[in-house]
S.K.: 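For reference, the structure I am asking about is given below.
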Amino acid sequence: MRKGFMRGVCAALLTVMSVSLTGCHGSKGIREFEIPEEFDTSREIELTFWAKNDTNMVQTAIYKKAIEDFQTLYPNVTVNMRLYSDYGKIYNDVITNLATGTTPNVCITYPDHIATYLTGSNTVVPLDALFEDPKYGLGGSELRFDGPTLSEMIPKFLEECSFSGAHYAVPYMRSTEACYVNKTYVEAMGYELPEVLTWDFIWEVSEAAMEQKAGGLYAVNDQDVMIPFIYKSTDNMMITMLRQLDAGYSTPEGDIEIFNDSTKEILLEVAKHVGTGAFSTFKISGYPGNFFNAGQCIFAVDSTAGSTWIGSEAPLADISDDRFREFETVVMEVPQFNPDDPKMISQGPSVCVFNKKDPQEVLASWLFVQFLLTNDVQNAYAQTEGYVPVTSKAQNSPEYQDYLSRRGEDNTDHYAVKIDASRLLLEHVNDSFVTPVFNGSASLRSAASQLIEEAAKSVRRKQNVDAAYIEETIYPNVTSLYRLDQLDVGASAGGKQDLGPLPTPSKLLIGGLLLVWACLGAAFFLQKRREKGRS
Amino acid sequence: MKKFVSMMLAGAMVLALVGCGKGEGSSASSSADTVANAQTEAKSEGVMTYAEYEVAAVDDQVVIECYVQATQSWWDNKITVYAADKDGAYFMYNMSCNEDDAKKLTPGTKIKVTGYKTEWSGEVEIAEGATFEFVDGGSNYIAPAKDVTGMSADQLKAYQNQLVAFNGMTVEAVSYKNNEPGDDIYVTLSKDGTNFEFCLEYYLNGSDTAFYDTVGNLEVGATVDVEGFLYWYEGPDAHLTKVTVK
């Protein structure tokens with residue numbers, strides 16, 4: 001009876017201990033992913049894929065076909081897709097679902113966002129080992145499709161997915177920004193387009209385009225609306241200008257450098273042209289393409305991935321037919337400070353794999369990700385917008401080369417502006433750049449945008465935007481809004497940080513564990529002593 | 001008893017006037033305007049009347065009092081609000097708001113909003129970042145739908161952001177954003193050969209409702225009566241709140 005009691009005590013203590021340890025495990029997250037020896041095709045596996053498109057129905061159809069084709073190859077895998085048209089919304093939903101352990105399996109995202117996802121433990125799978133796995137890696141022997149090898153991934157694009165010591169994503173598509181120019185209006189004003197656009201040229205022509213005739217209509221377009229220069233993504237605008245000036249933005253480690261004199265000069269220039277009405281932004285006025293197509297904008301900077309919405313004969317449009325104007329559209333690099341050393345941002349969707357308890361589920365996710373890199377998917381998706389495929393295998397394929405060669409054959413599949421936009425990036429891959437990725441880099445990117453938006457809004461709201469206003473009002477507002485003074489850069493994977501003193505619940509838990517071990521030890525000691533006494 | 005009778009008579013009169021406004025095309029506007037003018041209410045000190053708001057320039061600071069009519073879903077300390085007073089309507093895009101206050105922004109709630117007037121792709125609104133406070137003693141006003149059937153886009157501009165009704169419309173096209181159920185639904189309706197764009201906003205209505213299914217399942221050629229807030233995106237683009245298939 002006594003022995004039974006002791007057993008009971010021990011069992012109870014062990015249960016308490018195991019529950020305590022389970023609690024600890026739960027708080028640390030899922031175990032690190034290990035590649036299974038074999039992919040188990042006898043089990044049903046269900047994957048969730050959060051995808052992003054550009055409000056382009058063809059892209060949706062391509063995703064659906066890719067899923068169908070993949071499921072035909074792997075009948076035991078079902079892929080459920082949820083579509084978004086905004087990276088920010090995907091990011092918000094992932095953050096929400098990280099807390100509940102309900103992230104998708106595969107997700108289209110930006111590296112900046114992944115850096116935040118990495119604050120959880122083992123949340124996103126590092127892909128390096130998977131890349132090189134002989135069976136299931138890139139070009140692996142057991143794949144049921146003809147995917148790219150590691151050497152067939154465009155190195156610059158793949159490099160963009162490497163941070164915190166590993167590749168946490170693969171590129172899916174790449175784009176850059178282009179300046180879509182109404183050449184007809186530029187020449188009508190007596191200017192000739194240079195080979196490379198400069199900021200000086202754009203500002204000068206934009207100011208000239210503000211000339212109004214008697215009666216208030218603008219001379220260049222004979223309309224009552226003219227915003228000569230509109231920039232869609234002001235985060236990219238600030239980031240690109242700083243990079244072109246070789247000025248500070250952030251260090252690779254995450255030190256914030258954006259609040260510098262070059263930034264101030266940029267903001268003063270922006271403020272000057274907002275004041276005359278020569279410059280505006282998407283957030284303030286609307287989509288550049290809508291104004292551009294209506295002949296109300298001369299320089300529209302937008303993603304090459306938005307090229308099907310831009311131009312006199314754009315196949316996609318949000319404005320009615322009667323508002324379109326006839327003119328020649330030219331696709332150029334974004335304006336530069338130094339035309340001999342052009343710099344443009346590299347952007348576009350990447351794909352990451354979220355870790356799950358079941359390694360087979362993760363392996364299935366990785367197989368699906370690789371399937372998105374096959375030529376059929378890459379070529380089809382790249383042709384929906386001014387994207388470029390991320391593998392040399394797809395870029396060099398006869399199908400893709402044939403597509404490029406048919407520029408302007410029609411205003412749908414071979415829309416000239418779209419193919420020109422793709423070519424822009426293909427010809428300038430080495431001029432493209434990305435910003436450092438760290439936990440907080442997404443906030444810094446938002447802050448870069450907010451600086452320009454604040455300066456522009458302040459001018460419009462009759463504030464005097466001078467150096468003092470920038471330093472005393474805009475900088476502190478933006479710092480506070482994005483908590484740039486509280487960034488926890490070290491929290492992402494690979495980072496080191498001082499976590500501070502243990503919280504009280506943790507102290508109690510550790511104390512409880514020590515007590516359990518002490519009781520177990522005492523019980524063991526008492527039992528041994530009794531057994532010794534009997535013998 | 002007398003009070004009760006007076007209230008009943010007043011109510012009947014309002015309903016009669018609103019009824020007059022429905023289904024009579026452009027003549028409806030004059031009836032509706034009569035009602036609105038008759039109901040104009042005084043504003044607190046320092047608060048603009050709707051007429052003053054209407055003539056304020058884009059980028060001017062505005063201070064208004066209004067009654068919440070509906071809200072889109074709250075996120076990240078922001079909420080988008082459809083609001084009205086007895087003279088007109090307002091749209092507050094991404095107004096600053098904490099989660100607790102968001103729950104109190106129920107239809108009819110009176111609030112005072114301070115922000116900047118702006119125009120985005122034709123939509124006249126109070127810009128992102130406006131602040132607000134609750135106003136005690138409001139009358140929980142809910143604006144009736146104004147019948148705008150038969151009006152041109154130019155005429156509709158005067159009713160921007162108001163709850164409006166289009167009756168006897170023909171369904172021309174229905175499509176899901178991204179071609180997938182679960183997000184916004186775009187609906188094109190016509191009247192006498194003129195097309196009008198409508199949108200079921202996911203953030204206003206959600207997607208798990210019978211209403212969402214009704215709109216998603218509309219058949220081309222069907223005749224419908226619809227109501228919605230008259231949002232503007234490069235033209236009238238009402239956010240649907242009610243659809244009745246005839």
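Numbered from 1 within each chain, the chains take letters A, B, ... in sequence-line order. As a basis for the values below, the full set of heavy atoms in this structure was taken, side chains included, without hydrogen atoms, waters or symmetry mates.
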S.K.: State, yes or no, whether a side-chain contact exists between B/Tyr233 and A/Ile319 at a heavy-atom distance under 4.5 Å.
M.R.: no

S.K.: Quick check: does any side chain N or O of B/Trp120 sit under 3.5 Å from a backbone N or O of A/Phe282, one acting as donor and the other as acceptor?
M.R.: yes

S.K.: Could you give the distance from OG1 (B/Thr118) to NZ (A/Lys283), rounded to the nearest 0.5 Å?
M.R.: 13.0 Å

S.K.: For each of A/Arg461, A/Gln59, A/Arg82, tally heavy-atom pairs with chain B at distances under 4.5 Å, and name the one with the top tally.
M.R.: A/Arg461

S.K.: Which region of A/Ser285, side chain (C-beta onward) or backbone (N, CA, C, O), has a non-hydrogen atom less than 4.5 Å from a non-hydrogen atom of chain B, or is it both or neither?
M.R.: backbone

S.K.: Should we count CG of A/Asp485 as having more than 12 external heavy atoms under 6.0 Å?
M.R.: yes

S.K.: Can you tell which of A/Lys64, A/Met81, A/Lys457 has the highest number of heavy-atom pairs within less than 4.5 Å of chain B?
M.R.: A/Lys64

S.K.: Nearest 0.5 Å, what's the OH-CG distance between B/Tyr176 and A/Leu83?
M.R.: 14.0 Å

S.K.: Which heavy atom of A/Gly286 sits nearest a heavy atom of B/Ser121, and at what distance?
M.R.: CA-OG, 3.7 Å

S.K.: With a 4.0 Å cut-off on N to O distance, would you call A/Lys462 and B/Asp60 a salt bridge?
M.R.: yes

S.K.: Between OG of A/Ser458 and CG of B/Asp59, what distance do you get to the nearest 0.5 Å?
M.R.: 10.5 Å

S.K.: Would you mind checking which part of A/Lys89 comes under 4.5 Å of any heavy atom in chain B, side chain (CB onward), backbone (N, CA, C, O), both or neither?
M.R.: side chain

S.K.: At what distance, to the nearest 0.5 angstrom, does NZ of B/Lys177 lie from OG1 of A/Thr60?
M.R.: 11.0 Å

S.K.: Between B/Glu234 and A/Arg323, is a salt bridge (Lys or Arg N to Asp or Glu O under 4.0 Å) present by the stated rule, with each step listed?
M.R.: CA-CA 10 Å; B/Glu234 304 293 348; A/Arg323 289 179 59 195; 2.8 Å; yes

